[in-house]
Participant: 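This is the structure I have questions about; it appears just below.
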Amino acid sequence: MSDFLSNFENKNYQKRNGETPKSDPPKQTPSPNTAKVKTNETNKPKVSTGSRSTKSTRSTSADDVNPNENMMIDPTYQKKKRKKRLIITAICVITIGLLWWLYFSMTHVPLPNFVDKNISEVRTWANTNNITIETEQKYNTKTDANIVLAQNKKVKTQIKKGSVLTVTLSIGPNPDEVIKLPQFKEMTKSEAQQWIDSQKAENISITDEFSAKIAKNKFIKQRFLADDVSETNYKRKDQLLLYYSKGVEVFEKNIDVPDFSKKTKDEVTQWGQDNDVKITFENGTSDSIEVGTVISQSLKKGTKIAKKSQVTVTISTLQVPNFNDYTLESAAEIEGISTNIKKRFSTSAPYGSLISQSLEAGTFIDDKANDKAITVVYSAGKPYLKSYFGSLEGELAESFYNDYTVNGANINYTIHSVDSAEERGTVVEMSNYNAYVAMDYTVSIGISNGSGYTPTADNTRADDESDVVGDTEEAVLPSDTKKTASSDSND
């Protein structure tokens, strides 16, 4: 529109009509909104001829317009045109800048400050913004493990997505570093813990124990878990246990003492173990309470006690009597006590008197101990050597063992062959008999060789068989050979 109206400017109009342009007033740019063409002509009426009508329309052409009369020049036109161009240019620049900003903001992200942050927080941010994280590890005694010490790009730098961010990561203190240990025995529990925290000695543990002798929070002992570790070569990775006192343990009195009457010792013991109560047993005797059950208790039923308390319980028991007050026969008849009665020869204790008893008189025994018989030894008096005339030689060993050895006497014998009309093997001589002898004694016994023996009809066959054996023995042993036998062979 503006180009069309420019054709009607005064100079252009004069050129188009072959006229020499005149000097114009200062040029003003008409605005397309304000430049208007005015005409003073009025429309002429239409003329109709006959049946055929013609329209004559008079159009205003550039040749018919007088620029001085029909056209008005807008002096602000050029200024407005330049302003429009500036606006369009500015809009284009802003649009391009906005598009570039949108692209940059979508492909870049500002870098936060990750120093002193946990690596997990860094990885979460990196995953969200498509950033690759690379780590460098470094020992550090002041910073915990997995905490960022430094980053290779400045804070708030616009970092492009898909790029790599390198962070230096603390892996805590050096575990192989040798640490000089303090004197823990001179430190309280809190002081020891402060030292452990400051040195990052995480393998040193503090254990609390109750103690009735050491004050609360005071050192008790220390223990290295490895045999080759000591105070001089301790490393941060080595394990050390420190024991500190918790003071005297105080328990709440919330345990009810039951009635232990007629309960067994085992039942009372089990109750004490279940409730962490110490049971002290005492022995007592009772004619009405069964042996092995409770007679009395130090605390009444229903008494409230705490753990580690002590309860004294009296158990019905048997008391070993003085068997010197009993005879050999009556000792075996004592009710409730099993006894093993034995006799022993004695040259000093008269017959029937007590020599010894396996449990001292007055000793208390419960039902379990009563299962084992008490051995009681009474005196059988001095050893008395009996007559064994008429006995066979083969019976002597058993007889001497039962008559003397069992009762503690060491009575031995020797044998010799004697010509006799008595049956062969019969005792026909004794150097001593029917007399008291010493505890150690040997008697000589003569055995008939049957040389003058006359067999009867009833024992002919037996004598014939014995002759065969006798002949063999006599062929081996001379008739005057003496055989010796002792009670030791009968053990």
Side-chain angles (χ1 to χ4, degrees), residues 114-127 132-152 165-252 255 269-270 272-280 306-310:
F114 289 117
V115 176
D116 295 333
K117 303 290 184 181
N118 194 286
I119 186 61
S120 61
E121 187 174 340
V122 181
R123 296 191 188 282
T124 300
W125 175 86
N127 292 334
T132 301
I133 299 297
E134 292 183 355
T135 60
E136 295 178 355
Q137 296 179 338
K138 184 178 180 181
Y139 289 119
N140 192 291
T141 57
K142 297 181 179 180
T143 307
D144 295 335
N146 297 323
I147 300 299
V148 176
L149 299 174
Q151 54 194 53
N152 67 334
L165 174 64
T166 302
V167 295
T168 302
L169 196 63
S170 171
I171 55 175
N174 186 356
D176 293 318
E177 180 183 357
V178 177
I179 302 176
K180 183 179 179 181
L181 296 177
Q183 292 295 321
F184 288 112
K185 62 183 178 180
E186 299 176 359
M187 303 171 67
T188 63
K189 177 183 175 182
S190 59
E191 291 172 343
Q193 188 62 58
Q194 290 176 2
W195 184 90
I196 292 171
D197 295 339
S198 65
Q199 296 296 321
K200 302 293 182 182
E202 298 178 353
N203 286 326
I204 299 180
S205 302
I206 295 180
T207 300
D208 295 323
E209 286 187 352
F210 288 108
S211 175
K213 298 180 180 180
I214 301 176
K216 186 177 181 180
N217 295 326
K218 294 297 184 180
F219 178 83
I220 298 177
K221 63 181 178 179
Q222 67 182 30
R223 182 168 67 91
F224 297 98
L225 297 189
D227 295 336
D228 57 345
V229 178
S230 64
E231 293 183 352
T232 57
N233 63 354
Y234 177 80
K235 296 180 181 180
R236 187 176 278 109
K237 66 181 180 181
D238 297 327
Q239 292 185 322
L240 170 62
L241 293 179
L242 300 177
Y243 294 86
Y244 278 83
S245 173
K246 294 170 64 177
V248 179
E249 186 174 13
V250 178
F251 296 102
E252 180 183 358
I255 302 174
T269 300
Q270 187 62 49
Q273 293 175 353
D274 294 342
N275 293 276
D276 198 11
V277 175
K278 183 179 180 181
I279 305 296
T280 301
K307 290 182 178 180
K308 305 299 182 183
S309 298
Q310 180 172 320

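Source: prediction; values computed, not measured. Along the sequence shown, the residues carry numbers beginning at 1.
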Participant: Supply the atom-to-atom distance Lys308 NZ to Asn275 CG, rounded to the nearest 0.5 angstrom.
Facilitator: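 It comes to 12.0 Å.
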
Participant: Who pairs with Thr124 by side-chain contact (heavy atoms from CB on, under 4.5 Å), at least two apart in sequence or on another chain?
Facilitator: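 Listed in chain order: nothing, the list is empty.
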
Participant: Report the residues that fulfil side-chain hydrogen bond (donor to acceptor under 3.5 Å, both in side chains) with Gln222, sequence neighbours left out, ordered by chain and then residue number.
Facilitator: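 For Gln222 the side-chain hydrogen bond (donor to acceptor under 3.5 Å, both in side chains) partners, ignoring immediate neighbours, are Glu231.
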
Participant: With side chains defined as the heavy atoms from C-beta onward, is the minimum distance between Leu181 and Trp195 less than 4.5 Å?
Facilitator: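 The answer is yes; the side chains approach within 4.5 Å.
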
Participant: Which pairs, with at least one residue in residues 214-223 and sequence neighbours excluded, count as a salt bridge (charged side-chain N to carboxylate O under 4.0 Å, His left out)?
Facilitator: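 Listed once each, the pairs would be none.
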
Participant: Among residues at least two apart in sequence or on other chains, which ones pass side-chain hydrogen bond (donor to acceptor under 3.5 Å, both in side chains) with Gln239?
Facilitator: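 Result, side-chain hydrogen bond (donor to acceptor under 3.5 Å, both in side chains) vs Gln239: none returned.
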
Participant: Please list every donor-acceptor pair under 3.5 Å in which a side-chain atom of residues 169-178 meets a protein atom from a residue at least two apart or in another chain.
Facilitator:
residue : atom : partner : partner atom : Å
Ser170  : OG   : Thr143  : O            : 3.1
Ser170  : OG   : Asp144  : O            : 3.2
Ser170  : OG   : Gly172  : N            : 3.2
Asn174  : OD1  : Asp176  : N            : 3.1
Asp176  : OD1  : Lys237  : NZ           : 3.0
Glu177  : OE1  : Arg236  : NH1          : 2.9
Glu177  : OE1  : Arg236  : NH2          : 3.4

Participant: List the residues meeting side-chain contact (heavy atoms from CB on, under 4.5 Å) with Glu249, not counting sequence neighbours, and say none if there are none.
Facilitator: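 Listed in chain order: Phe210, Phe251.
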
Participant: With rounding to the nearest 0.5 Å, note down the distance linking CD in Gln193 to CG in Asn217.
Facilitator: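 Rounded to the nearest 0.5 Å, the CD-CG separation comes out at 11.5 Å.
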
Participant: For Lys117, is the NZ atom crowded, meaning more than 12 foreign heavy atoms sit under 6.0 Å from it?
Facilitator: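 No, the 6.0 Å shell around NZ holds no more than 12 heavy atoms from other groups.
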
Participant: Can you tell me how far apart NZ (Lys189) and CG (Leu242) are? Round to the nearest 0.5 Å.
Facilitator: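 Answer for the NZ-CG pair, Lys189 versus Leu242, is 11.0 Å.
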
Participant: I'd like to check the side-chain hydrogen bond (donor to acceptor under 3.5 Å, both in side chains) partners of Ser120; sequence neighbours left out, ordered by chain and number.
Facilitator: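 In terms of side-chain hydrogen bond (donor to acceptor under 3.5 Å, both in side chains), with neighbours along the sequence ignored, Ser120 is linked to Asn118.
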
Participant: Using the test side-chain hydrogen bond (donor to acceptor under 3.5 Å, both in side chains), find all partners of Asn152 that sit at least two apart in sequence or belong to another chain.
Facilitator: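 Residues passing side-chain hydrogen bond (donor to acceptor under 3.5 Å, both in side chains) with Asn152: none at all.
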
Participant: Of all heavy-atom pairs between Ser211 and Ser245, which one has the smallest distance, and what is that distance?
Facilitator: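 Heavy-atom minimum between the residues: CB-OG, 3.6 Å.
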
Participant: What distance do Gln137 atom CD and Asn146 atom CG have between them, rounded to the nearest 0.5 Å?
Facilitator: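 So the CD of Gln137 and the CG of Asn146 are separated by 8.5 Å.
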
Participant: Pick out which of Asp274, Asp276, Val277 makes a side chain to side chain contact (heavy atoms under 4.5 Å, CB included) with Ile255.
Facilitator: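 So the option named by the test is Val277.
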
Participant: Using side-chain heavy atoms (C-beta onward) and a distance below 4.5 Å, is Tyr244 in contact with Asp208?
Facilitator: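 Side chain of Tyr244 against side chain of Asp208, heavy atoms only: contact under 4.5 Å found.
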
Participant: Are Leu241 and Leu225 side-chain neighbours, meaning at least one heavy-atom pair lies under 4.5 Å?
Facilitator: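 Yes, close enough: below the 4.5 Å cut-off.
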
Participant: Among residues at least two apart in sequence or on other chains, which ones pass ring-ring contact (aromatic ring centres under 6.0 Å, His included) with Tyr243?
Facilitator: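 For Tyr243 there are no ring-ring contact (aromatic ring centres under 6.0 Å, His included) partners, ignoring immediate neighbours.
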
Participant: Using the side-chain contact (heavy atoms from CB on, under 4.5 Å) rule, take Arg123 and Thr135 through it: C-alpha gap first, then chi angles, then the decisive distance, then the call.
Facilitator: CA-CA 11 Å; Arg123 296 191 188 282; Thr135 60; 3.8 Å; yes

Participant: Show the numbers, then the answer: is there a side-chain contact (heavy atoms from CB on, under 4.5 Å) between Ile206 and Ile196?
Facilitator: CA-CA 10 Å; Ile206 295 180; Ile196 292 171; 4.0 Å; yes

Participant: Output all residues satisfying side-chain contact (heavy atoms from CB on, under 4.5 Å) with Gln310, sequence neighbours left out; order by chain, then residue number.
Facilitator: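 Checked Gln310 against side-chain contact (heavy atoms from CB on, under 4.5 Å); matches are Lys278, Thr280, Thr312.
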
Participant: Once rounded to the nearest 0.5 Å, what's the spacing between atom CD of Glu252 and atom NZ of Lys307?
Facilitator: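 Glu252 CD to Lys307 NZ: 10.5 Å, rounded to 0.5 Å.
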
Participant: Heavy atoms only: give me the nearest Ile214-Phe219 pair and the separation to one decimal.
Facilitator: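 Closest heavy-atom pair between Ile214 and Phe219: CG2-O, 3.9 Å.
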
Participant: Check ring-ring contact (aromatic ring centres under 6.0 Å, His included) between Phe114 and all other residues, then give those that pass, not counting sequence neighbours.
Facilitator: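 Here the qualifying residues are Trp125.
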
Participant: Just to verify, what does Asn233 make a side-chain contact (heavy atoms from CB on, under 4.5 Å) with, not counting sequence neighbours?
Facilitator: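 Scan of Asn233 (side-chain contact (heavy atoms from CB on, under 4.5 Å), adjacent residues dropped) gives Val229, Ser230.
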
Participant: Any chance you could measure Ile179, atom CD1, to Ile204, atom CD1, to the nearest 0.5 Å?
Facilitator: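 If I round to the nearest 0.5 Å, the distance is 6.5 Å.
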
